[in-house]
Amino acid sequence: MTQKLSKLLSYWLRHAPEAGDLTLDDAGWASVESVRTALSREGVNPALLEQVVADSDKQRFELSADSAYIRARQGHSIDVDLGWAIAMPPETLYHGTVDRFLEAIFADGLKPMARHHVHLSPDVETAARVGERRGAPVLLRVAAGKMARQGAVFRLSSNGVWLAEAVPPEFLARV
Ligand code: HQG
């Protein structure tokens, strides 16, 4: 149940706030009250909201300090500025994908596709879980330190996902 609800919340908070009749501010926050109303409208018990936030395996959602606002920590397709700090990445980051994308990835590099950023993981286990969503995972090593030293900007979200604008192919290798 909470997994289904997590999908619905992700959809509203990352891609289509209007579908839940929600308004997001520039940093992606919606009022918890409006989300509760939207859940009720869908026939979902609004009390499940806190549970979904707490249960989310990847800490996908964030509540404001006063618990009055909620947002997705990343993964948006709509225009928001999440304000994650620029940070120096570790020397190596990982990206989990699947075989059928490899040719395009090694030709064009990693691109954000429908999202604002390329999402990178600090360890192979996390990257494998990301890749597994689409089939047998294939892991790529990203020379993040080298990229950063050449001027690429990396941001770190509060749930440990590294965000980059793109990763050119010369910084990629199969694990
Ligand atoms: C691939 C989930 C062809 C890329 C996860 C990926 C993550 C290319 C797919 C987060 C390409 C995009 C993000 C290129 C990249 N040509 N394919 N040039 N560049 N790709 O879902 O990284 O559950 O947008 O390899 O756990 O899979 O939503 O990105 O397979 O943290 O919270 O294009 O989403 O988190 O897919 O996943 P996505 P992702 P949540």
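Whatever order the structure lists ligands and atoms in, that order sets their numbers, starting from 1.
Judged purely by atom type and a 3.5 angstrom limit, His117 has no side-chain atom pairing as donor or acceptor with the backbone of Pro112. Side-chain N or O atoms of Arg133 include one that pairs as donor or acceptor with a backbone N or O of Val130 at under 3.5 Å. Of the possible polar contacts, one joining the Thr37 side chain to the Glu33 backbone as a donor-acceptor pair under 3.5 Å is found.
Side-chain polar atoms of Arg60 and Ser6 form a donor-acceptor pair below 3.5 angstrom.
Ring orientation note: the planes of His76 and His116 are tilted relative to one another, at an angle of 30° to 60°.
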Output side-chain donor-acceptor pairs under 3.5 Å for residues 79-89, partner residues at least two apart or in another chain, one line each.
from	atom 1	to	atom 2	distance (Å)
Asp81	OD1	Gly83	N	3.1
Trp84	NE1	Arg73	O	2.9

Short N or O contacts of ligand 1 with protein, under 3.5 Å, listed by atom name?
from	atom 1	to	atom 2	distance (Å)
ligand 1	18 (N)	Gly109	O	2.9
ligand 1	19 (N)	Lys111	N	3.0
ligand 1	21 (O)	Arg115	NE	3.4
ligand 1	21 (O)	Arg115	NH2	2.8
ligand 1	21 (O)	Arg133	NH2	3.0
ligand 1	21 (O)	Arg134	NH2	3.2
ligand 1	23 (O)	Lys58	NZ	3.0
ligand 1	23 (O)	Arg60	NE	3.3
ligand 1	23 (O)	Arg60	NH2	2.9
ligand 1	24 (O)	Arg115	NE	2.7
ligand 1	25 (O)	His95	NE2	2.7
ligand 1	25 (O)	Thr97	OG1	2.8
ligand 1	26 (O)	Lys58	NZ	2.5
ligand 1	27 (O)	Arg133	NH1	2.9
ligand 1	27 (O)	Arg134	NH1	2.9
ligand 1	28 (O)	Arg14	NH1	2.7
ligand 1	28 (O)	Arg14	NH2	3.4
ligand 1	30 (O)	Thr97	OG1	3.4
ligand 1	30 (O)	Arg134	NH1	3.4
ligand 1	32 (O)	Arg14	NH2	2.8
ligand 1	32 (O)	Arg60	NE	2.7
ligand 1	34 (O)	Arg115	NH2	3.1
ligand 1	35 (O)	Lys58	NZ	3.3
ligand 1	36 (O)	Arg134	NH1	3.4
ligand 1	36 (O)	Arg134	NH2	3.2
ligand 1	37 (O)	Arg133	NH1	3.3

